[in-house]
J.: 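This structure is in structure tokens; I'll ask about it shortly.
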Amino acid sequence: MISPLMPVYARQPVAFDHADGMYMFDTDGRKYLDFYAGIGVMCLGHSHPALVKALCDQGQKLWHTANTYRIPEGERLAKRLVDASFADTVFFTNSGAESIECAIKMVRKYHHDKGNKGKYRLVTMASAFHGRTLAGIAAAGQEKLTKGFEPLPDGFDVVPFGDMDAVKAAIGPETGGIMVEPVQGEGGIRPLSDAQLQELRQICDENGILLVLDEIQCGMGRTGKLFAHEWADVKPDIVACAKGIGGGFPLGACLATEDAASGMVVGTHGSTYGGNPLAMAVGNAVLDVMLAPGFLTHVVEMGDMLHVRLAALMQKHALITEVRGKGLMAGIRVPSIPTRDIVSDLIKRGMLPAVAGDMVVRMLPPLILDESHIDEAIGHLDAALTDFAASNAAD
Ligand SMILES: *Cc1c(COP(=O)(O)O)cnc(C)c1O
């Protein structure tokens, strides 16, 4: 019999009761070091006092209004995001998938309004993840996402990850843009190099097409810059954002330049919940913390430290074949053991990492962590890999 809760997730046998800062507590009172942050969402950790206060204060005043009225908190959040980024304008959504949908529609509308009606296709990269809408799964093009859901929306040309020649070869008269994650998350914590991102910008410029970046996982401070593309000094046309932007409240955003958004006039797009007062209050509170002096420097320092410690762990454990990532978006590749087994083992030890593609154990800790949490995580990983190596040797 099907469970009342539709069984689409492979869930770990643990349920949490409450959480504070870097730690989560299960319904039996056991404590866990959170190195997953609910897929990188809890960027300021759990129960951050400023976020709790923003949510409670706004909850007393006004939760929701239709977007037929002005929402001052949203005007303020959009202005702050614009001031802090490449963008000139922002559309608020409730999730990453909706931010991607807005980005795809914006590319089509841009070319339509410029009189290039046939330019509707996007070049994307294999092992990407762009959310679970029909367009999102078509854009990622992975069989594990698309199988059984055909026919898929047309308009996506998937090339091998990081293959710049294939990108160039895929561009034709119908191509309207290129859409990539600067650092692939679900696909295995794989960064594109700065040179690759710069080349993508150049290819877009040469062809009069738009560069769309999916920064839903790697954005909002995760790599130590507000957006990951800033490391490459590249100016995108459109950026899809979600996850960390709401610090745990469902919030997404699609950021764009004035030119890229030139077709998005009254009546072309919308969302009932998108950008409602409750979400905007929390979003502003997240930015208060993230844009405060020193916050992103801390992320860079902690990210560097985590990568140094993971590299040392790789020296010690032959089971680790690669350390990947950028800032506090990190992965270790352990190809000889099912990733799910490693994650389950670490959960039993009191640490929460996650699975990513390509046999990678993924770590997306809250950005507020300190050195002691890195020590603790490395200790758990070291102990787990020591035991796996011993049982592998015994087989
Ligand atoms: C999570 C994610 C999405 C989808 O976001 P949802 O909020 O689950 O719809 C899209 N792209 C990337 C890179 C993601 O990590």
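Each ligand, and each atom within it, is numbered from 1 in the order the structure gives.
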J.: Measure the spacing between CZ of F91 and SG of C241 and express it to the nearest 0.5 Å.
T.: 14.0 Å
J.: Assess D214 for proximity to ligand 1: is some non-hydrogen atom of it under 4.0 Å away?
T.: yes
J.: Are R30 and D17 close enough for a salt bridge, meaning some N to O gap below 4.0 Å?
T.: no
J.: Under 4.0 Å, heavy-atom basis, I'd like to know which part of S95 is in contact with ligand 1: side chain, backbone, both or neither.
T.: both
J.: With only distance considered, is A242 within less than 3.5 Å of ligand 1 through an N or O on each side?
T.: no
J.: So which heavy atom in the protein is nearest atom 9 (O) of ligand 1, and how far is it from that ligand atom?
T.: A97 N, 2.7 Å
J.: If you take the centroid of each ring, where Trp contributes its six-membered ring, are F86 and H229 closer together than 6.0 Å?
T.: yes
J.: I'd like to know if L200 and F161 are part of one continuous hydrophobic network [Ile/Leu/Val/Met/Phe/Trp/Tyr, side-chain heavy atoms within less than 4.5 Å].
T.: yes
J.: Quick one: do R201 and D233 make a salt bridge, cutoff under 4.0 Å?
T.: no
J.: At what distance is the nearest protein heavy atom to atom 5 (O) of ligand 1, and which residue and atom is it?
T.: G96 CA, 3.3 Å
J.: Under a 4.0 angstrom heavy-atom cut-off, which atoms of ligand 1 come close to E181?
T.: 13 (C)
J.: Are I100 and L211 joined in one hydrophobic group, where the rule is that I, L, V, M, F, W and Y side chains link up if heavy atoms are under 4.5 Å apart?
T.: no
J.: Short N/O distance, under 3.5 Å, between F129 and ligand 1?
T.: yes
J.: On a heavy-atom basis, I'd like to know which of E186, K243, Q217 is closest to atom 14 (C) of ligand 1.
T.: K243
J.: Got a donor-acceptor contact below 3.5 angstrom from the E73 side chain to the L278 backbone?
T.: no
J.: Taking only heavy atoms of H130 into account, list the atoms of ligand 1 that are under 4.0 Å away from them.
T.: 10 (C), 11 (N)
J.: To the nearest 0.1 Å, how far is atom 4 (C) of ligand 1 from its closest protein heavy atom, and which atom is that?
T.: G131 CA, 3.6 Å
